[in-house]
Amino acid sequence: MLKNYLKIAWRNLLRNKSFSVLNIVGLSIGLAVTALIVIWINFEIGIDQFHEHKDRTYQVYNQYPVGGEIWTWNSTPKVMASAIQKDYPDVEHIARVNWDSEFLFAKDDKRIKSTGKIVDPDFLKIFSFPLVEGSLETVLEGVNSVVITESFAKKIFGDEEAVGKTVKVDNADSFMITGILKDLPSNTDFEFDFLMPWAYLKQRGSDDKYWGNNSIATYVMLKEGVDYNSFSKKIKNLRKVYDKDSPEMVTYLYPFTRSWLYSNFENGEEIGGRIDIIRMFGIIAAIILIIACINFMNLSTARSEKRAKEVGVRKVVGARRLTLVSQFLGESVLISFIAAVFAFIMVLIALPHFSTLVEKPLSLDLTNIWFWGSTIVVIVFTGLLAGSYPALFLSRFKPSSVLKGTFAKSKMGVTPRKVLVVLQFSAAIILITSSIIVMQQLKKVQDRQTGYAKNNLIYSIIQGDAEKNYSLIKEELMASNAVTSITRTSSPVTEGWSNTWNFEWMGKDKENKRIVQRFAADENIKETLGIELVAGRDFDLNKYPTDSTAALINESAVALMNFDEPIGQIIKDNGIEWHVVGVTKDFVLDSPFQRIQPMVIEGAKAGFNVIHIKLNTTSNTSESLAEVETVFKKYNPEYPFEYQFVDQEYARKFDSEKRTGQLVSMFTLLTIFISCLGLFGLASYMAENRIKEIGIRKVLGASVRSITTLLSIDFIKLVLISIILAVPISWYFMNNWLEDFDYRVNISWWTFVLAGILALVIALVTVSYQAIKAAIVNPMKSLRTE
């Protein structure tokens, strides 16, 4: 029986080639887009889910009431781990992890800079990063031991045995390779080429006793059977016991398995994170697949009159409705399988490009039986969903009416096909509106004034001998024609590395816990960065020796501190009294999407990590960079000269939103294309149903233009209804999206007008072919009785 069904289905497919092709194209695109998004979603939700003890692993979080809200963050003091380990026996393993550390590794003539982490020995017992060589119990026990990955070992030692060999780190300390790690899998949020023991950081002077510096991550693995909610209640008041300065701070555990997807908190409550993007594109995938199925329904029922006599004959010879339904569903499933083959080819071609777009190493696991099983289920489900309405619609025809050529057509104003097209175009309009608003938001933020001069400005991280030889480097560079100004700062001007609510000033309310950015700069910050002073002066140690403890504050800080006359005011930080010598205009240090925070720029006593250099605009950039590199190599020969252009680093802040905009735009175009296939089907259906009416109108003198308008007006009505439905929905979702940004665009009424006009134009262009085709048919041919 199945063989006969397939034969009949194949014959019908060939008999209606044009419509079959349209069905296959629509379903192929829908299945391919869905597959790509599902592959991406599976990768995202699989991040760090491979760790053996993941269900017992947690990260220590803090909460603190600030300005009437509860702030949540995942960095902790270095001393917290030892306190937890000492006081709470429910902990099996605990590990501190510092943020990325960059070191220069030297072996003979090789010099390789690499990024890794400094961790407690229990790190490798908590997380499943397997050792290829070395003992898990001892690899991180020695102060000068280091574990490196396989690929990093190959870079340093080539094909030589690495374990037991020594390397020099930062041109100072010798480290022994005690273990080799298997290269990290692609589906982990951790990134490192090496692991160093925490004991080394302590040896270099790390303060592991101060509770006021939340600067590292702390991970806990609880013993079997310990409930983490109960444990969180136990450690809730940990800071009250040990940190007398922050008795209101709450400590708790957060599941490690959720940290990748759920990283946003509001007033102490988890409100999402990457999961929001995943949900959004999951919904888009479902919409596109459903739209493809709607197309199938419209295109199939559009040929209803040609299939009607077949149904009538089959019913006369004894076919039951269930048999006919099975036949039509079989046809749709067959088309779905054919579409799946083309979709598979599309996915193979598009996957590398899609991986680049989302910046994830996506791949297809063709050896996974679950992949093939789920694929078949999706194909069959798609075929059944797409074929359900056509099967029920076509199988209901009465043979007596059909064979007389008078089978009933719906006289209702609202038909299922029209509803489906309205839903299609509503989805398309929502995506069009979303694309426009995303682009508006991106442009608004990109056009935002940063408050400093990005062009021809570079920065280099201070390392090696660059710190002690800075005055020589500066003197030689300023004597050249390569640069016009140079200064040191605590962090790149594109990033804020430090903030606190512990600044003190005269008149400060004790309840004021507003976060203030902490920045540090040397002389010539104004000239080098191009920031604008609105009061006072720049740092000048030659003229004012006390400027090592001078400070500049921005306009937001002046407002926060309520200074009528800021110059000369004293601001205390970590026991140092900083005297204000100048006020800067606000400039963007962190996210350009957020409001500018109050900022204190501390003088030379604060210490520096970065050198900023303003290149001479009248000189060739490549030649200037070569000259700067020569000077740095002269005074810091062991380290390569590495730099970043500030304008390029600033532009990277928009990468995530750009990707979102590109993805939404791409899926919008595909949705429009598939929707147009459905509209084409409905236009064909309506033209076919009114062919005799058109013939009569032409005989009575109607013009092609009037007939085309007559046929098109129905579709304009459908699109207008779609616009009415889509506007409030798109406004709701995009308004929620924009709420994540302090600096954001206002949704304008013309955005919806533009989206509606685009939808109308697309609809008219799509149906005009069928309308004109029907209007130019010879009326004698259309009025001929079949």
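Throughout, numbering of the chain's residues begins at 1 and tracks the sequence.
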- Task: Check whether any side-chain heavy atom of T149 sits under 4.5 Å from a side-chain heavy atom of F129, and report yes or no.
- Result: no

- Message: Determine whether the aromatic ring centres of residues F539 and Y544 are separated by less than 6.0 angstrom.
- Response: no

- Message: Could you tell me if S114 and D193 have a donor-acceptor pair between their side chains, going purely by distance under 3.5 Å?
- Response: yes

- Message: Is it the case that atom OH in Y743 sees more than 12 heavy atoms from other parts of the structure closer than 6.0 Å?
- Response: yes

- Take Y219 and D120 through the side chain to side chain donor-acceptor pair (under 3.5 Å) test and state the conclusion after the steps. CA-CA 10 Å; Y219 295 95; D120 278 315; over 6 Å; no

- Compare every heavy atom of N620 with every heavy atom of E623, then report the nearest pair and how far apart it is. N-OD1, 3.0 Å

- Task: Answer yes or no: is there an ion pair linking R258 with E270, defined by an N-O contact shorter than 4.0 Å?
- Result: yes

- Message: Against I553, only a single residue in V516, I567, V580 fulfils side chain to side chain contact (heavy atoms under 4.5 Å, CB included); can you say which?
- Response: V580

- Mind checking whether Y459 and F645 have side chains closer than 4.5 Å, heavy atoms only? no

- Query: Given E467 and N609, is the side-chain contact (heavy atoms from CB on, under 4.5 Å) satisfied, shown in steps?
  - Reply: CA-CA 9 Å; E467 183 174 4; N609 302 301; over 6 Å; no

- Task: Before giving the answer on ring pair (Phe, Tyr, Trp, His ring centres under 6.0 Å), spell out for F190 and F127 the whole-Å C-alpha distance, their side-chain angles and the decisive distance to 0.1 Å.
- Result: CA-CA 10 Å; F190 288 102; F127 299 106; 4.9 Å; yes

- Are D183 and S151 linked by a side-chain donor-acceptor pair shorter than 3.5 Å? yes

- Query: Would D655 and R659 pass as an ion pair if we require N to O under 4.0 Å?
  - Reply: no

- Task: Go through the side-chain N and O atoms of E532 and Y452 and say whether any donor and acceptor fall under 3.5 Å apart.
- Result: no

- Query: Does the separation of the ring centres of Y200 and F175 fall below 6.0 angstrom?
  - Reply: yes

- Task: Rounded to the nearest 0.5 Å, what's the gap from OG1 on T484 to CD1 on I613? Could you check?
- Result: 10.5 Å

- Given side chains that start at C-beta, do those of S460 and F641 come closer than 4.5 Å, heavy atoms only? yes

- Spacing of D465 atom CG and Y639 atom OH [to the nearest 0.5 Å]: 8.0 Å

- Gap between atom OG1 of T494 and atom CD of Q648 - 0.5 Å precision: 11.5 Å

- Heavy-atom pair of closest approach, residues P197 and I118: O-CG2, 3.5 Å

- Message: Within the 3.5 Å criterion, strictly below it, is a donor on T487 or D522 matched to an acceptor on the partner's side chain?
- Response: no

- Side-chain heavy atoms of E739 within contact of F741, under 4.5 Å: no

- Query: Are the ring centres of F256 and Y254 closer than 6.0 Å?
  - Reply: no

- Item | Y61 ring center within less than 6.0 Å of F265 ring center | yes

- Item | Cationic tip of R488 above Y470 ring, under 6.0 Å, 45° of axis | yes

- May I ask you to check whether over 12 heavy atoms, not counting those of K113, lie within 6.0 Å of atom NZ? yes

- Distance-only, no hydrogens or angles: does the T188 side chain make a donor-acceptor pair with backbone N or O of P185 under 3.5 Å? no

- Item | pair W40-L663: side-chain heavy atoms closer than 4.5 Å | yes

- Message: Any heavy-atom pair between the side chains of D573 and V600 that's under 4.5 Å?
- Response: no

- Item | Under-4.0 Å salt bridge between E150 and K154 | no

- Item | Q463 backbone acceptor or donor facing N636 side chain under 3.5 Å | yes

- Message: One thing to verify: whether D100 and K117 come together as a salt bridge, which I'm taking to mean a side-chain N less than 4.0 angstrom from a carboxylate O.
- Response: yes

- Mark yes or no for whether D647, through its side chain, and N455, through its backbone, hold a donor-acceptor pair below 3.5 Å. no

- With S485, the side-chain hydrogen bond (donor to acceptor under 3.5 Å, both in side chains) member among T528, N524, N616: T528

- Message: Any salt bridge linking K614 with E527? Criterion: basic side-chain nitrogen under 4.0 Å from a carboxylate oxygen.
- Response: no

- Crowded around K182 NZ? As in, over 12 foreign heavy atoms under 6.0 Å? no

- Should E44 and R274 count as an ion pair when the cut-off is N to O under 4.0 Å? no

- Message: Checking T668 against S435: is there a side-chain donor and acceptor pair closer than 3.5 Å?
- Response: yes

- Query: Taking atom types as modelled, is there a side-chain donor on Q597 or N554 under 3.5 Å from an acceptor on the other?
  - Reply: no

- Query: Roughly how far apart are T660 OG1 and M280 CE, rounded to 0.5 Å?
  - Reply: 5.5 Å

- Query: Do F152 and F192 have ring centres separated by under 6.0 Å?
  - Reply: no

- Message: Within the 4.5 Å heavy-atom criterion, are F593 and Q441 side-chain neighbours or not?
- Response: yes

- Please say whether the positively charged group of R111, taken as NZ for Lys or CZ for Arg, lies over the ring of F105, i.e. under 6.0 angstrom from the six-membered ring centre and within 45 degrees of the axis. no

- Distance from R537 atom CZ to L533 atom CG, nearest 0.5 Å? 10.5 Å

